[in-house]
Amino acid sequence: MMRLLVVAASLVLSITALPVVDLKKDTYETVASSTGTPWLVEVYSGMCESCKAYEKVWHALEAKLEGHAGFGLGRINMDDNLGSALAMKFDDLLAGGIPAVLWVADAAKPYAYTMVDKGNAKSGKELWQALKKAAPEAATIIAKKEL
C-alpha cells in the first residue's frame with residue numbers, strides 16, 4: 001500500500017512535467033482525486049492498427065497542450081492488464097472500440113466522462129476542435145492559463 005501511495009504521489013507531483021501519465025487501475029483514482037483537475041485521456045492498444053495510425057493525432061494535440069497544468073493528460077494502454085482493468089470501469093467506453101479520447105471533467109467522479117473522439121479525427125487540429133465541442137471547459141481552462 002505504501003508503494004502505491006509513493007507512486008501516486010510521484011505522478012501527482014510530476015503531472016506538469018510529464019506530457020502524458022500512464023493511467024492504471026491501481027493508481028488512477030488516487031491520482032485523479034489528488035490532482036483535483038479534469039483529465040483528457042486516450043485509450044489505445046499497441047496491437048491495434050487504427051490506434052497506431054491515431055497515435056500521431058494524439059501526439060499532435062499533446063504537443064499543443066504540453067505545459068498547460070489546468071488538466072491532466074493520460075493514456076490507458078489496453079495491452080497492460082491494469083490498463084485494461086481501468087478501461088473496463090468506464091461504462092460503455094469500449095462499446096465503439098478504440099482508439100478513444102475521453103474527458104473526465106470532475107476528479108471526484110473519476111469514471112464519469114464525455115466522449116471526445118472515437119478515432120475519427122485526422123489531425124491534432126481536428127482532435128482539438130472535437131475537444132472544444134465535447135468539453136468547452138477545456139478551452140476555457142487553457143485560455144485562463146495563457147492569460
Side-chain angles (χ1 to χ4, degrees), residues 7-8 10-147:
V7 169
S10 68
L11 287 173
V12 170
L13 293 175
S14 63
I15 195 167
T16 58
L18 294 175
V20 176
V21 176
D22 288 318
L23 301 171
K24 299 182 186 293
K25 182 181 180 231
D26 60 350
T27 58
Y28 172 66
E29 289 180 26
T30 304
V31 171
S33 65
S34 296
T35 62
T37 62
W39 282 82
L40 183 64
V41 179
E42 178 197 28
V43 182
Y44 74 101
S45 167
M47 295 184 282
C48 164
E49 290 303 317
S50 58
C51 295
K52 289 177 188 177
Y54 193 77
E55 187 173 17
K56 66 180 184 209
V57 173
W58 171 257
H59 287 306
L61 182 63
E62 174 187 323
K64 177 179 180 59
L65 300 178
E66 189 172 10
H68 295 285
F71 55 86
L73 291 171
R75 294 182 84 190
I76 299 173
N77 183 350
M78 294 295 294
D79 300 334
D80 179 288
N81 287 340
L82 292 175
S84 178
L86 173 57
M88 297 296 189
K89 293 189 87 169
F90 290 90
D91 287 339
D92 298 323
L93 173 64
L94 302 175
I98 54 175
V101 176
L102 52 121
W103 176 254
V104 179
D106 185 353
K109 298 175 185 173
Y111 300 104
Y113 69 94
T114 300
M115 183 59 64
V116 173
D117 189 50
K118 290 295 278 179
N120 298 319
K122 302 297 183 219
S123 68
K125 184 176 182 177
E126 280 186 31
L127 183 53
W128 172 242
Q129 294 303 320
L131 174 60
K132 289 194 314 186
K133 183 176 181 181
E137 64 272 25
T140 302
I141 291 168
I142 289 174
K144 285 181 183 177
K145 295 292 179 184
E146 290 178 341
L147 294 177

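- The two residues Ile76 and Ala87 make their nearest non-hydrogen contact at CG2-CB, 4.1 Å.
- Applying the side-chain contact (heavy atoms from CB on, under 4.5 Å) test to Asp79 and every residue at least two apart in sequence or in another chain returns Ser45, Met47, Asn77.
- Sorted by first and then second residue, the side chain to side chain donor-acceptor pair (under 3.5 Å) pairs with a member in residues 91-106 read Trp103-Glu137; sequence neighbours excluded.
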Apply side-chain contact (heavy atoms from CB on, under 4.5 Å) to residues Val104 and Lys109 and explain how you reach the verdict. CA-CA 8 Å; Val104 179; Lys109 298 175 185 173; over 6 Å; no
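- Under the ring-ring contact (aromatic ring centres under 6.0 Å, His included) criterion, Tyr113 pairs with Phe90, sequence neighbours left out.
- Residues passing the side-chain contact (heavy atoms from CB on, under 4.5 Å) test with Lys89 are Lys25, Glu29, Tyr111, sequence neighbours excluded.
- Listed by chain and number, the residues in a side-chain contact (heavy atoms from CB on, under 4.5 Å) with Ala134 are Thr114, Val116 (sequence neighbours excluded).
- Pairs engaging residues 33-55 under the salt bridge (Lys or Arg N to Asp or Glu O under 4.0 Å) rule: Glu42-Arg75, Glu49-Lys52 [sequence neighbours left out].
- By the side-chain contact (heavy atoms from CB on, under 4.5 Å) test, Ser84 is found to be paired with Met78, Met88, residues two or more places apart in sequence or in another chain being considered.
- Heavy-atom minimum distance, Ser33 versus Thr30: OG-O, 3.3 Å.
- Taking 4.5 Å as the limit, every side-chain heavy atom of Leu61 sits out of range of all side-chain heavy atoms of Val101.
- The side chain to side chain donor-acceptor pair (under 3.5 Å) analysis of residues 117-128, with sequence neighbours excluded, yields the pairs Tyr54-Asp117.
- With contacts defined as side-chain heavy-atom distances shorter than 4.5 Å, the pair Trp58/Pro99 does not qualify.
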